[in-house]
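What follows is one structure encoded as structure tokens, with my remarks underneath.
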Amino acid sequence: MSVTIASWNINSVRLRAGLVARLAEERSPDIICLQETKCPDGSFPRASFEKLGYRHMAISGQKGYHGVAILSRRPIVATSIREFCGMGDCRHIAADIETPSGGTLRVHNFYVPAGGDEPDPEINPKFAHKLSFLDELIDWFRQAPDEVGHANGTVLVGDLNIAPLPEDVWSHRQLLNVVSHTPVETDGLERVRAELGWVDVVRRHTPPPEKLFSWWSYRARDWAASDRGRRLDHIWLSPDLAPAARQTEILREARGWERPSDHAPVLARLDP
DNA sequence: ATGGTGGGCGCCCCA
């Protein structure tokens, strides 16, 4: 009676609904959290996901940018959305989902700002936004832990746009000054994680020194051969839920599917 | 040191 949850930055849900179908066929996750749907709610391809058995959906999209969604084969009993940094961006959605044992699982799905190219908040407003987003997350966790969490377990997933560990990038040394792996970001993400004691379940199951990536740039001539990846996509469990984790996987092969997203899906199987 | 690719939207933004 397990629940499998997947998180995937899909880079346009309308263009890649077929790839979501392939993920459903190959791994059959009960819950799929998507980021960068780039799609207003009225244009969301609901029907194609209903056909795959995902009859319950929580979506928060906007035209052209950002956008998050939760697809579920199990009933969604509540939904909430939080706005960060007063920007009006669609970067968060949460859902309470019924588990096989009759409880509910709270799922938070995030799309953290990428942060632009220059890792200096004084001259790059996108980087300042990214750091502010992390600060707001910490404040929220600190001030309203009951709103964030849930007695029967909470999952936080998403494209967090930060590769926290040296083994989460192809070259720690060469990426120390590259947005996604700078110390101010990795320290910031660690403070977010530590605030409520979230467990990075993928790394609990596959610890360093093994390298793990979930994103490979489109700009590489041969992404698989050069393998210059980063682990930007994460699944975190609340401390009470961590013992329920059974298996995790980053579906690297999806990066090689036809017209792929530049991100691969991350999956975790739980017995909640 | 630089530019490489891809998506959305509409003559350029974002990743």
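Naming convention: chains lettered A, B, ... in sequence-line order (proteins, then strands); numbering from 1 in each chain.
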5′-ward residue of the pair A:Lys63/A:Asp262 relative to DNA chain B: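 Nearest nucleotide further toward 5': that of A:Lys63.
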
Closest-nucleotide ordering on DNA chain B, the 5'-leading residue of A:Arg14 and A:Gly116: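 Its nearest nucleotide being more 5', the pick is A:Arg14.
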
Within this structure, what is the [atom1]-to-[atom2] distance between [X] and [N], rounded to whole angstrom?
| X | N | atom1 | atom2 | result |
| --- | --- | --- | --- | --- |
| A:Lys38 | B:dC13 | NZ | C1' | 10 Å |
| A:Leu34 | B:dA15 | CG | C1' | 17 Å |
| A:Gln174 | B:dA1 | CD | P | 13 Å |
| A:Ile10 | B:dG8 | CD1 | C1' | 15 Å |
| A:Leu232 | B:dC14 | CG | P | 19 Å |
| A:Leu160 | B:dA15 | CG | C1' | 16 Å |
| A:Gln62 | B:dC13 | CD | C1' | 13 Å |
| A:Glu36 | B:dA15 | CD | P | 8 Å |

OP1 or OP2 of [N] under 4.0 Å from side-chain N/O of [X]:
| X | N | value |
| --- | --- | --- |
| A:Arg219 | B:dA15 | no |
| A:Arg259 | B:dG7 | yes |
| A:Lys126 | B:dA15 | yes |

Under 4.0 angstrom, heavy atoms only, what part of the nucleic acid is A:Arg221 near: base, sugar-phosphate, or nothing?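 It contacts nothing in the nucleic acid.
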
Test of ring centre spacing under 6.0 Å for A:Trp170 and A:His181: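 Ring centres of A:His181 and A:Trp170 not closer than 6.0 Å.
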
In whole Å, what separates the [atom1] atom of [N] from that of [M]?
| N | M | atom1 | answer |
| --- | --- | --- | --- |
| B:dC14 | B:dG10 | C1' | 15 Å |
| B:dC12 | B:dA1 | C1' | 25 Å |
| B:dA15 | B:dC9 | C1' | 15 Å |

When you measure from the side chain of A:Tyr65, which nucleotide among B:dG10, B:dA15, B:dC14 comes out closest?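 Of the options given, the side chain of A:Tyr65 lies nearest B:dC14.
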
Is the Lys NZ or Arg CZ of A:Arg46 less than 6.0 Å from the centre of A:Phe49's six-membered ring, within 45° of the axis?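 Geometry flag: not set, cation outside 6.0 Å or 45°.
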
Salt bridge between A:Asp227 and A:Lys211, side-chain N to carboxylate O under 4.0 Å?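 The answer is no: the pair does not qualify as a salt bridge.
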
Show your working on side-chain contact (heavy atoms from CB on, under 4.5 Å) between A:Thr186 and A:Ile162 and close with a plain yes or no. CA-CA 7 Å; A:Thr186 56; A:Ile162 296 171; 4.2 Å; yes

For the pair A:Trp198 and A:Phe141, name the ring-plane relationship: parallel under 30°, tilted 30 to 60°, perpendicular over 60°.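 Aromatic pair A:Trp198/A:Phe141 classed tilted.
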
